Amino acid sequence: MNQEKYVLSVEGLTVSFDGFKAVDDLSLYVLENNIHVIIGPNGAGKTTVLDLICGKTKVTSGSIDFKGQELTKLKEHQIVHKGVGRKFQNPSIYEDLSVFENLELSFPRGRTVWGALTFKRNKEVIERIQEVAELIFLSEKLHTPADVLSHGQKQWLEIGMLLIQDPDLLMLDEPVAGMSVSERHKTAELLQKITKNRSVLVIEHDMQFVEKIADRVTVMHQGKILSEGSIQKVKNDPKVIEVYLGH
Ligand code: ADP
Ligand code: MG
């Protein structure tokens with residue numbers, strides 16, 4: 001039997017900013033080893049959903065269950081330790097450091113001060129960095145300073161900095177914005193490779209990209225779910241067509 005399991009179950013999620021509900025009683029379920037895409041017009045509440053899951057914004061009501069643990073009571077760094085990685089729209093890499101050094105800085109050093117103090121560039125770390133660099137198409141650029149990378153390569157590096165922590169859920173906000181066509185293709189390939197043993201929750205506008213990667217699509221509008229299912233299903237949903245034509 002191929003039993004489907006959820007890595008993330010969001011139920012009744014609501015956040016109110018001075019009475020305005022940016023996310024309004026939203027329920028969302030992300031399957032293991034799935035690429036789940038959230039689409040929707042600007043202001044729909046997509047980024048806010050990721051902010052709530054990663055603990056950046058406090059939930060007004062509702063629950064967020066990640067692998068059997070309630071996240072709404074935890075702080076941002078605790079949520080990272082539970083295995084949730086979040087990439088923001090603008091890359092936050094260290095421009096002066098090399099690709100290798102950026103990846104090395106993101107390597108989990110154990111959770112204690114002692115672990116951080118005794119951290120050494122051992123074989124395990126170097127191998128893991130090389131493995132991730134290969135995944136993100138940067139193995140030839142390990143000693144290149146990050147500031148000379150292309151926009152797309154910087155985005156990949158930031159994904160790599162999250163991958164090195166081996167999260168069970170990776171959340172990406174518009175990862176292909178500003179990328180060239182060939183970079184978009186490679187990003188799709190990258191996401192497909194990394195979901196062998198994790199789930200990815202992606203916000204994306206580029207519909208060609210969404211068609212290529214999405215196992216499941218959730219369409220948001222005004223803080224709520226408008227439609228959900230396969231890309232074919234949501235694309236042909238009259239409610240979705242109306243919202244997109246209206247914009
Ligand atoms: P999307 O990512 O779908 O474009 P957002 O989640 O960024 O939409 O925003 C949804 C709505 O919530 C917008 O109207 C936005 O202005 C509002 N919003 C988001 N964050 C805050 C905040 N911290 N305080 C007040 N309003 C916010
Ligand atoms: Mg957004």
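Counting convention: from 1, in listed order, for ligands and their atoms alike. None of the values given here were measured: they were computed from a predicted structure.
- Of the candidates Thr48, Ile39, Asp173, Thr48 brings a heavy atom nearest to atom 19 (C) of ligand 1.
- For atom 8 (O) of ligand 1, a protein heavy-atom neighbour is found at a distance under 4.0 Å.
- Nearest to atom 14 (O) of ligand 1 among the protein's heavy atoms is Phe20 CE2, 3.7 Å.
- Per-residue contacts place Ala44 under 4.0 angstrom from the following atoms of ligand 1 (heavy atoms of the residue considered): 1 (P), 3 (O), 8 (O).
- Under the 30°/60° scheme for interplanar angles, the aromatic rings of His143 and Phe100 are found to lie parallel.
- In terms of heavy-atom proximity, Leu52 sits nearest to Thr57 at CD2-O, 3.5 Å.
- If you run side-chain contact (heavy atoms from CB on, under 4.5 Å) between Leu172 and each of Val37, Ile159, Leu201, Ile203, only Ile159 comes through.
- Protein heavy atom closest to atom 26 (N) of ligand 1, with residue, atom name and distance, is Phe17 CD1, 3.3 Å.
- The shortest contact between atom 10 (C) of ligand 1 and any protein heavy atom is with Gly43 O, 3.4 Å.
- Closest non-hydrogen pair, Asn102 versus Tyr94, comes out as OD1-N, 2.8 Å.
- Within the 4.0 Å heavy-atom shell around ligand 1 one does not find Gly40.
- At a threshold of 4.0 Å, the pair Arg86-Asp51 counts as salt-bridged, since one of the basic side-chain nitrogens sits closer than that to a carboxylate oxygen.
- Within a 4.0 Å radius of atom 21 (C) of ligand 1, the protein contributes one or more non-hydrogen atoms.
- Although no hydrogens or angles enter the test, the distance criterion places a donor-acceptor pair under 3.5 Å between the side chain of Thr14 and the main chain of Asp25.
- The protein non-hydrogen atom at the shortest distance from atom 12 (O) of ligand 1 is Ala22 CB, 3.3 Å.
- Side-chain atoms of Ser27 and Glu11 include no donor-acceptor pair closer than 3.5 Å.
- At a threshold of 2.8 Å, the Mg ion (ligand 2) has no backbone or side-chain N, O or S atom of Asn42 nearer than that distance.
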